[in-house]
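Below is one structure, written out as structure tokens; the observations come after it.
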Protein chains: 2
Amino acid sequence: MTRERSYSGLIARLKVGGLRPTRQRLALARLLFEREDRHLTAEQLHSEALEADVRVSVATVYNTLHQFTKVGLLREVVVEPGRSYFDTNVDDHHHFYFESTGDLQDIPKDQLHVAELPEPPGGTRIARVDVVVRVQDIEP
Amino acid sequence: MTRERSYSGLIARLKVGGLRPTRQRLALARLLFEREDRHLTAEQLHSEALEADVRVSVATVYNTLHQFTKVGLLREVVVEPGRSYFDTNVDDHHHFYFESTGDLQDIPKDQLHVAELPEPPGGTRIARVDVVVRVQDIEP
DNA sequence: CAACAGTTTAGAACTATTCCAAACTATTTT
DNA sequence: AAAATAGTTTGGAATAGTTCTAAACTGTTG
């Protein structure tokens with residue numbers, strides 16, 4: 001079960017990544033992982049934190065998002081210039097991107113398949129394949 | 001032949017898009033389309049223009065890139081937060097993205113195929129499918 | 001519990017991009 | 001071909017998202 005993420009499990013995961021389980025990191029982790037798959041910007045997470053009476057600075061939100069990403073707890077998704085989304089689902093999957101609202105929605109791995117991947121140029125290897133299905137309203 | 005793009009053809013294309021063929025737009029169009037497929041940021045194009053003794057403001061470079069994109073002469077590619085690339089190849093195709101250098105390289109349509117596209121959610125239709133194959137150096 | 005290394009913070013700094021209102025230019029009208 | 005007009009360009013200011021910085025703070029280790 002990839003969806004298993006208990007609170008204490010998180011502490012463990014942070015430790016593995018060499019990150020101390022601080023008040024801020026734990027609070028942000030709860031906000032991020034206590035709900036199902038989410039796609040959040042740094043600003044959105046910061047607002048949520050303030051609303052939940054978690055005092056964190058913007059800088060810390062950014063630091064934390066990047067550290068979590070490095071450790072594999074999050075995945076960064078780029079679909080829009082000038083805004084990064086962080087995806088709490090780190091399984092292999094792709095995205096619908098709703099141009100009208102700016103929302104993202106997961107497309108599970110088995111619902112979309114990339115065939116005939118070309119060889120990467122010499123000296124390089126494929127780190128990841130991102131598919132973004134851009135969707136727009138039918139009556140704009 | 002999709003690669004056919006003469007200078008006068010450009011004037012025609014601009015007219016179709018309702019864009020006057022001004023000095024700046026024509027100069028930028030030459031820089032963009034007189035070489036083969038390119039992936040440029042606004043800043044890069046602005047530098048090239050200055051080097052080529054084409055006096056244009058940054059604002060105009062941005063305006064022009066967006067107008068060209070709207071008219072279908074360019075395609076915007078987002079792979080990196082905080083930076084937009086404009087692709088002179090508007091045919092159906094995908095990209096390699098070199099994480100070490102930030103470069104983009106086209107993957108022709110026939111070298112990569114997306115199978116089993118899921119249905120877009122009700123009330124929406126697929127505007128475009130972007131595949132980015134992120135590639136990294138083997139010995140980092 | 002002292003010492004150290006890692007963390008947080010406010011605010012400044014930075015980068016890419018957009019906005020603005022005035023000056024300018026291509027096109028249309030007369 | 002001059003005047004009227006509508007679309008363009010421009011420098012600089014403004015904005016948005018993100019990163020940096022140096023000082024204060026906190027978790028961990030010995």
Side-chain angles (χ1 to χ4, degrees), chain A residues 8 10-31 39-50 52-71 73-74 76-86 102 104, chain B residues 8 10-31 39-50 52-71 73-74 76-86 102 104:
Chain A
S8 58
L10 264 175
I11 298 190
R13 291 241 232 165
L14 291 184
K15 284 231 180 80
V16 169
L19 299 173
R20 289 183 185 167
T22 63
R23 174 177 69 73
Q24 293 85 336
R25 291 212 263 246
L26 288 173
L28 293 176
R30 297 183 96 139
L31 289 170
H39 303 92
L40 290 168
T41 65
E43 260 190 288
Q44 285 167 353
L45 181 57
H46 186 236
S47 306
E48 285 199 7
L50 297 188
D53 274 309
V54 175
R55 281 166 40 278
V56 229
S57 68
V58 203
T60 297
V61 172
Y62 277 101
N63 288 340
T64 303
L65 287 172
H66 288 136
Q67 291 155 350
F68 282 14
T69 301
K70 192 178 304 172
V71 173
L73 290 172
L74 290 175
E76 190 172 359
V77 183
V78 187
V79 280
E80 225 175 281
R83 197 199 258 24
S84 265
Y85 289 85
F86 291 85
L104 282 172
Chain B
S8 59
L10 265 176
I11 299 190
R13 290 240 232 163
L14 292 184
K15 283 231 181 78
V16 168
L19 300 173
R20 290 184 185 171
T22 63
R23 174 177 69 73
Q24 292 86 335
R25 290 213 263 244
L26 288 173
L28 292 176
R30 297 183 97 139
L31 288 171
H39 304 92
L40 291 167
T41 64
E43 258 192 289
Q44 286 168 352
L45 181 56
H46 186 235
S47 305
E48 285 200 6
L50 297 188
D53 274 309
V54 175
R55 280 165 42 276
V56 229
S57 67
V58 203
T60 298
V61 172
Y62 277 101
N63 288 340
T64 303
L65 286 172
H66 287 136
Q67 291 154 350
F68 281 14
T69 301
K70 192 178 303 173
V71 172
L73 290 172
L74 291 175
E76 191 172 359
V77 183
V78 187
V79 279
E80 224 175 281
R83 197 199 262 18
S84 265
Y85 289 85
F86 291 86
L104 282 171

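Just so it is clear: chains get the letters A, B, ... in the order the sequence lines come, proteins before strands, and each one is counted from 1. Atom set for the values below is all heavy atoms of this structure, side chains included, hydrogens, waters and symmetry mates excluded.
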Phosphate contact (C/dA26 OP1 or OP2) by B/T22 side-chain N/O below 4.0 Å: no
Heavy-atom neighbours of A/R23 CZ exceed 12 at 6.0 Å: yes
C/dT17 OP1/OP2 closer than 4.0 Å to side-chain N/O of B/H66: no
Which nucleotide in C/dT7, D/dG12, D/dT18 has an atom nearest any side-chain atom of A/A42: D/dT18
Atom-to-atom span, CD of A/Q67 to C1' of C/dT8 - whole angstrom: 10 Å
Sugar-phosphate only, base, or nothing, as touched by A/V56 at under 4.0 Å among non-hydrogen atoms: sugar-phosphate
More than 12 heavy atoms from other groups under 6.0 Å of CD on B/E43: no
Residue among A/L28, A/V61, A/L65, A/L31 satisfying side chain to side chain contact (heavy atoms under 4.5 Å, CB included) with A/H46: A/V61
Separation of atom CG in A/L19 from atom P in D/dT28, rounded to whole Å: 12 Å
Derivation of the side-chain contact (heavy atoms from CB on, under 4.5 Å) call for A/L14 and A/V71: CA-CA 8 Å; A/L14 291 184; A/V71 173; 5.9 Å; no
Backbone N/O of A/T64 and side chain of A/R25: donor-acceptor pair under 3.5 Å: no
Among C/dA16, C/dT9, D/dT18, the one nearest A/R23 by side-chain distance: C/dT9
B/H46 NE2 - D/dG12 C1' separation (whole Å): 13 Å
B/S84 side chain, from C-beta outward: closest of C/dT17, D/dG11, C/dT9: C/dT17
Atom-to-atom span, CD of B/E80 to P of C/dT15 - whole angstrom: 14 Å
Interatomic distance where CG belongs to B/N63 and C1' belongs to C/dC24 [whole Å]: 15 Å
N or O in side chain of B/Q24 less than 4.0 angstrom from D/dT10 OP1/OP2: yes
Short side-chain N/O contact to C/dT17 OP1/OP2 from B/Y62, under 4.0 Å: yes
Residue whose nearest DNA chain D nucleotide is more 5′ - A/E43 or B/R20: B/R20
Spacing between B/K15 atom NZ and D/dT8 atom P, to the nearest angstrom: 12 Å
Rounded distance in Å - CZ (B/R83) to P (C/dA16): 5 Å
Phosphate-side-chain proximity, A/S57 and C/dT9, N/O vs OP1/OP2 below 4.0 Å: yes
Sugar-phosphate only, base, or nothing, as touched by A/P81 at under 4.0 Å among non-hydrogen atoms: nothing
Atom-to-atom span, OH of A/Y85 to P of D/dA16 - whole angstrom: 16 Å
